[in-house]
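Structure first, commentary second.
Convention: sequence-line order gives letters A, B, ...; per-chain numbering from 1.
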Amino acid sequence: MPELPEVETTRASLAPRIAGAVVTGVRLGKPLRWPLGCDPESLVDRTVGEATRRGKYLWLPLTGGGLLMHLGMSGSLAFRDAVPEPAAHDHFDLLTTRGTLRLTDPRRFGAVVWSNALDQDPALKLLSGLGLEPFDPAFTGAYLHDALKRRRIAVKLALLSGDMVVGAGNIYACEALFAAGIDPRLPANKVSRPRAERLADAVRTILARALALGGTTLRDFKDTHGMAGAFQDQAKVYGREGDPCTVCGTAIRRITQAARSTFFCPTCQRR
DNA sequence: AAGTGGACCTGCTAGC
DNA sequence: TGCTAGCAGGTCCACT
C-alpha cells in the first residue's frame, strides 16, 4: 500500500492536527518489525512537533527526540478523537491530549522506533542510505544518469533500491518505466542520458499525479487487499497482466525480478 | 563492492 | 465447501 504518495498523504492529514499535542499514554500490541527502543512510559508528557517525511518514513518529533515510523506493506495510520478498543491488527497507539494516533498493520512489517535524534542513534541509520527525494531540485536526469551508470542491476531494481531516488515502490516504479518507455530488465548502466532524463521526469510526474489524487491507493486501503478503487484506473501496466496496452494494444506482460512482480508493455518499453 | 536470496507476518484469491 | 499454493504496496540482513 504505502508508497510515497500514500505516506505523504498520511503525513499531510496528520501533521496539523497532532502538532502541539502532549503525549498521555502509549499502548503496544504485537511486536512490529523493530522494538520501540524505549520505555513506553518515558514518552508521556512529551510535546509533539511537526510531522515530516523522508522517503517512506515518517518522523514525528517529540520533545527530546521523536518517533520514526514506517508503514511497511500493510500499515495505515489514523488519528482520531476517540478510537475503538484495539482490534487484532492495531499494534501501536499514541494517546495524546488531542486524540489518539493508531497504527494498524496486519502484516507487521511496519515499525515505530524511538530516536533521540542524535547522530549516533541506531534508528537514524535507517535513513542514512536513502537517495534523493523525487521532488528535490537536485533530482535531475543528469543525477539519475550518473547514479545508474555505476550499477549493473536491472533499472527497475535500481529504482526500487531507494539509494538513488526514494518513494517509488513496486507500483510506481513499473508505471514510471512505462511512461519513460524503458524495458525494466535493461541494465541500469545501459540507460542513456536522454532516457535517464525521461525517467527522472516520469518518476516525478507519476508520483506527483498520485499525490495530487490524495494517495489513491491509500483511500481504498481497507478494500480487498488494498488495491481497489481509483488507483486501478490510473495504472497503465501494474496489475494488468494480459490486458491490452492502452497505447498499442499489446498484452501487458508480468515477469519476476528479485522475487517481485514487474509489469510492462513489451512493445512500448524497449531495451 | 555489488548483487542475490531469505527473512519477517498475515490475509486474500484462484484453483483443484 | 474446503484445502492449498501463490501472491501482496517494503526493506533489512547475511551471504557469495
Side-chain angles (χ1 to χ4, degrees), chain A residues 1-10 29-35 37 53-58 68-77 87-92 103-113 122-131 147-176 185-190 203 206-207 210-211 213-232 234-235 237-242 254-263:
Chain A
M1 175 273 285
E3 299 185 41
L4 184 145
E6 292 74 35
V7 176
E8 176 56 23
T9 300
T10 298
K30 286 188 179 179
L32 292 161
R33 176 160 195 176
W34 295 294
R53 178 190 56 74
R54 176 75 175 97
K56 298 168 194 165
Y57 288 90
L58 284 174
L68 190 60
M69 303 191 281
H70 199 288
L71 302 180
M73 290 276 263
S74 58
S76 61
L77 281 171
H89 301 311
D90 299 330
H91 300 304
F92 178 84
L103 175 67
T104 303
D105 186 4
R107 292 177 72 180
R108 292 192 280 129
F109 288 174
V112 180
V113 180
L124 294 181
K125 217 180 65 179
L126 297 170
L127 304 179
S128 64
L130 295 184
L148 290 170
K149 223 166 42 184
R150 326 131 161 275
R151 305 287 229 101
R152 271 168 287 185
I153 49 170
V155 58
K156 154 87 176 330
L157 299 178
L159 279 184
L160 278 185
S161 74
D163 53 14
M164 302 175 190
V165 60
V166 295
N170 206 29
I171 297 176
Y172 299 125
C174 290
E175 295 299 320
R185 298 165 294 188
L186 182 69
N189 61 358
K190 296 283 172 52
V203 167
I206 296 282
L207 291 176
L211 197 47
L213 292 171
T216 40
T217 60
L218 181 61
R219 199 187 316 171
D220 298 305
F221 172 51
K222 297 287 185 177
D223 291 357
T224 66
H225 62 289
M227 274 304 297
F231 181 74
Q232 273 186 330
Q234 300 287 317
V237 288
Y238 189 85
R240 297 191 65 239
E241 181 181 19
R254 182 174 78 88
I255 59 173
T256 298
Q257 292 181 289
R260 310 202 58 196
S261 288
T262 298
F263 299 87

Report the nucleotide, chosen from B:dG3, C:dA8, C:dT11, that has the shortest atom-to-atom distance to any side-chain atom of A:S261.
-> C:dA8

How is A:R260 classified with respect to the nucleic acid when contacts are heavy atoms under 4.0 Å: base, sugar-phosphate, or nothing?
-> base

B:dC9 -> Watson-Crick or G-U wobble partner, both distances under 3.5 Å, gives none

In whole angstroms, how far is the P atom of C:dG10 from the CG atom of A:L160?
-> 7 Å

Does a side-chain N or O from A:H89 land closer than 4.0 Å to OP1 or OP2 of B:dG11, or not?
-> yes

Please tell me if the side chains of A:L71 and A:E6 come closer than 4.5 Å, counting only heavy atoms from C-beta onward.
-> no

Can you tell me how far P in B:dC9 sits from the matching atom in C:dC3, rounded to whole Å?
-> 25 Å

Do A:M164 and A:L159 come close enough that some side-chain heavy atom pair is under 4.5 Å?
-> no

Distance below 4.0 Å between A:R107 side-chain N/O and B:dG11 OP1 or OP2 | no

side-chain N/O A:R254 vs C:dC7 OP1/OP2, d < 4.0 Å | yes

Could you give the NE2-to-P distance, from A:H91 to B:dG11, as a whole number of Å?
-> 9 Å

The side chain of A:I153 lies closest to which of these nucleotides: B:dT10, C:dG10, B:dT4?
-> B:dT4

Side chains of A:N170 and A:K156: does their closest heavy-atom pair fall under 4.5 Å?
-> yes

Please measure how far the P atom in C:dT1 lies from the corresponding atom in B:dG11, and state the result in whole Å.
-> 22 Å

Is there side-chain contact between A:L103 and A:M69, with at least one heavy-atom pair below 4.5 Å?
-> no

Check nucleotides 12-16 of chain C against the protein and report each pair of N or O atoms closer than 3.5 Å, with its distance, or say if there are none.
from	atom 1	to	atom 2	distance (Å)
C:dC12	OP1	A:Y57	OH	2.8
C:dC12	O4'	A:R33	NH2	2.7

For C:dT11, take OP1 and OP2 only and decide whether either is under 4.0 Å from a side-chain N or O of A:K56.
-> yes

Of all the choices, B:dC8, B:dG11, C:dT11, which nucleotide is nearest to the side chain of A:F109 once you look at every atom?
-> B:dC8

Of the listed nucleotides B:dG11, C:dG10, B:dT4, the one nearest the side chain of A:E3 | C:dG10

Heavy-atom distance under 4.5 Å between the side chains of A:Y238 and A:E175, does that happen here?
-> yes

Side-chain contact test, heavy atoms from C-beta onward, threshold under 4.5 Å: evaluate it for A:L4 versus A:Y172 and give yes or no.
-> no

Is any side-chain heavy atom of A:R151 closer than 4.5 Å to a side-chain heavy atom of A:S161?
-> yes

Distance, rounded to the nearest Å, where A:I255 contributes CD1 and C:dC7 contributes P | 14 Å

Within the pair A:H70 and C:dT11, is there a side-chain N or O less than 4.0 Å away from OP1 or OP2?
-> yes

What integer distance in Å separates A:F263:CZ from C:dC7:P?
-> 10 Å

Starting at atom CG of A:L157, determine the distance to atom C1' of B:dT4, rounded to an integer number of angstrom.
-> 10 Å

A:Q257 CD - C:dG10 P separation (whole Å) | 14 Å

How many Å lie between CE on A:M69 and C1' on C:dT11, as a whole number?
-> 18 Å

Separation of B:dA2 atom P from A:N189 atom CG, nearest Å, is 12 Å

Is there a side-chain contact between A:H70 and A:R33 (heavy atoms, below 4.5 Å)?
-> no

